[in-house]
2 protein chains.
Amino acid sequence: MIRLAVPARRAVRRAGFTVDLPLTRLSEAARLRVEQQLQRYAFRAGAPVVHRGQTVNGAYLVLKGRLRVYTVKPSGAEATLYHLTAGETCILAINALFNDLLYPAWVEAEADTVVGIIPGGLYRNLFQAEEAIQDLTVKSLSTLVFRLMDELEQVHSLRLDQRLSAHLLERANGQGVVTETQARIAGQLGSSREVVARILADMASRGWIETGRGRIRLVDTTRLAQMTRPGG
Amino acid sequence: MIRLAVPARRAVRRAGFTVDLPLTRLSEAARLRVEQQLQRYAFRAGAPVVHRGQTVNGAYLVLKGRLRVYTVKPSGAEATLYHLTAGETCILAINALFNDLLYPAWVEAEADTVVGIIPGGLYRNLFQAEEAIQDLTVKSLSTLVFRLMDELEQVHSLRLDQRLSAHLLERANGQGVVTETQARIAGQLGSSREVVARILADMASRGWIETGRGRIRLVDTTRLAQMTRPGG
DNA sequence: AGCGCAGTGTAGCGCAGGTTACAGACGGTT
DNA sequence: AACCGTCTGTAACCTGCGCTACACTGCGCT
């Protein structure tokens, strides 16, 4: 990682701090061009970043925060496809960049998030010349492929309570507390609020968790982890 | 596309014909090295190609036929993740090549299939030097990402009868006939034979299809296509 | 011809989970 | 304190579909 202090150009919200970019081994010339042309945008938690069908003309680097990529079912319910956390690159953007396709999903900021965009033309140039960019691209795409395959497998082979357990463990903070509304969780899992409430109530009755308004405290993480395994 | 006549090295079944490789714009030197080092394997329809957890050390080019990549649920039922048809590259192989990961799924030949394997070391070299290989890699990975996202969205938002309709339309030959057993179709959709039979019976009773032993004739493709749209 | 396997047809049961419909409960605002 | 929007708790109902169980029917093989 190299440190880049990049000025925000047309940021939704000002974000004037220094971040790590995954651009190690980049030539000096290339780094300068990135510094000059990188566009930085900040989004508040919950803000939409990209909507479906939007043309995307660059590589998206998540500099801070967390993005959620999701689809919307005909019923209106959402379903999360995958997440991107700080230091990762938004692959679909690169994707669309090369294939000239429209963005096939929605993206929103899950926390306060800063995104750096490398314009399409520059990225294409860098990709040809810079090994670091080639590696970044392949690695990002590969990672995404694995994530999607994993998600697909889980959707096929796990029940909702198992996926919910996994979600809680994944999103708990250091104190074992998840601060999300049940409606939000339901959206992430592609289910409905009532079903999530039903499962949470069951878990609470077994003493595995404690529920509160906008928060869930994990009590028996061992059992929860057990749940996530097929047949648990 | 350039024409390459590559000798089979340790082919499961001899396959002595010429195929198209997606290696246009490859330098002469590189093409020679590929010709020398490309390993060719032939698989009969239904034969296993890669099993889960296997280490894969090269790029897989599908020269002829069709591969199916799938997972196996704890119940034993399969679920297709995606397909690779002739001219496409097995991305996960490249994936594992770069990330040094184990193959996360099973692969089988769906028809009689010939696969060309470019050894890992050679591929890595080519990737650095040859723009054609870079493009192939990114394009293959991108395509896979889109396929997986699409599959994930469909699993979330379509009922089984809708996905079955889509499957039939996709797998029908020129005469509108699908030659697959119901059990096989069920496996592809991650469902069970009985459920597929139930839905097919319903479709047949409406006059949309005609069923037979190992074959399904599509009668009303318009209605079937209508089905595949959410809310159809 | 007759056997047997592989494939299809059908019916019934049960469960996960989506839907509908309310009834609180918490917390911020005035 | 009163109010109201947001969130949770719960119960009843219904559908999709997986599972069990068994009868039937092409089709190849001896």
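Put simply, NZ on A/Lys73 is 13 Å from C1' on D/dG16, counting in whole angstrom units. Rounded to whole Å, atom P of C/dC15 lies 12 Å from atom CZ of A/Arg159. Residue A/Asp161 contributes atom CG, which lies 12 Å from atom P of C/dG18 at whole-angstrom precision. Between B/Glu210 atom CD and C/dG9 atom C1' there is a gap of 16 Å when expressed in whole angstrom units. For the pair A/Arg213 CZ and D/dG9 P, the computed distance is 11 Å after rounding to whole Å. Rounded to a whole Å, the NE2 atom of A/His156 is 15 Å from the P atom of C/dG17. With rounding to whole Å, A/Glu180 atom CD is found 11 Å from D/dT8 atom P. Taking atom CG of A/Leu164 as the reference point, atom P of D/dT8 lies 13 Å away to the nearest angstrom.
In this model, a side-chain donor or acceptor of A/Arg198 finds a partner on the base of C/dG17 within 3.5 Å.
Residue A/Thr181 places none of its side-chain N or O atoms closer than 4.0 Å to OP1 or OP2 of D/dT6. For D/dG18, the OP1/OP2 oxygens have no side-chain nitrogen or oxygen of B/Ser75 closer than 4.0 Å. The side chain of B/Thr211 contributes an N or O atom lying less than 4.0 Å from OP1 or OP2 of C/dG9. Taking only side-chain nitrogens and oxygens, B/Gln182 never comes nearer than 4.0 Å to OP1 or OP2 of C/dA6.
You'll find that the side chain of B/Ser192 is closest to D/dG18, out of D/dC7, D/dC27, D/dG18. You'll find that the side chain of A/Glu194 is closest to D/dT10, out of C/dG17, D/dT10, D/dC19. Among the nucleotides D/dC17, D/dT25, C/dT10, the one closest to the side chain of B/Ala201 is C/dT10.
For the pair A/Asp112 (side chain) and A/Ala45 (backbone), a donor-acceptor distance under 3.5 Å is present.
A salt bridge links A/Arg163 to A/Glu151: at least one charged side-chain nitrogen sits closer than 4.0 Å to a carboxylate oxygen. Using a cut-off of 4.0 Å between Lys/Arg side-chain N and Asp/Glu carboxylate O, B/Arg66 and B/Glu170 are scored as salt-bridged. Look at A/Arg198 and A/Asp202 and you find no salt bridge, because none of the NZ, NE, NH1 or NH2 atoms lies under 4.0 Å from a carboxylate O.
The residue among B/Leu200 and A/Leu158 whose nearest nucleotide of DNA chain C is located toward the 5' end is B/Leu200. Ranked by how close their nearest DNA chain D nucleotide is to the 5' end, A/Gly212 and B/Arg193 are led by A/Gly212.
Remark: of the listed residues B/Leu63, B/Val107, B/Val49, B/Leu67, B/Leu67 is the sole one forming a side chain to side chain contact (heavy atoms under 4.5 Å, CB included) with B/Thr113.
Summarising the base pairing, D/dG5 is matched to C/dC26 through a Watson-Crick or G-U wobble pair whose two defining distances lie under 3.5 Å.
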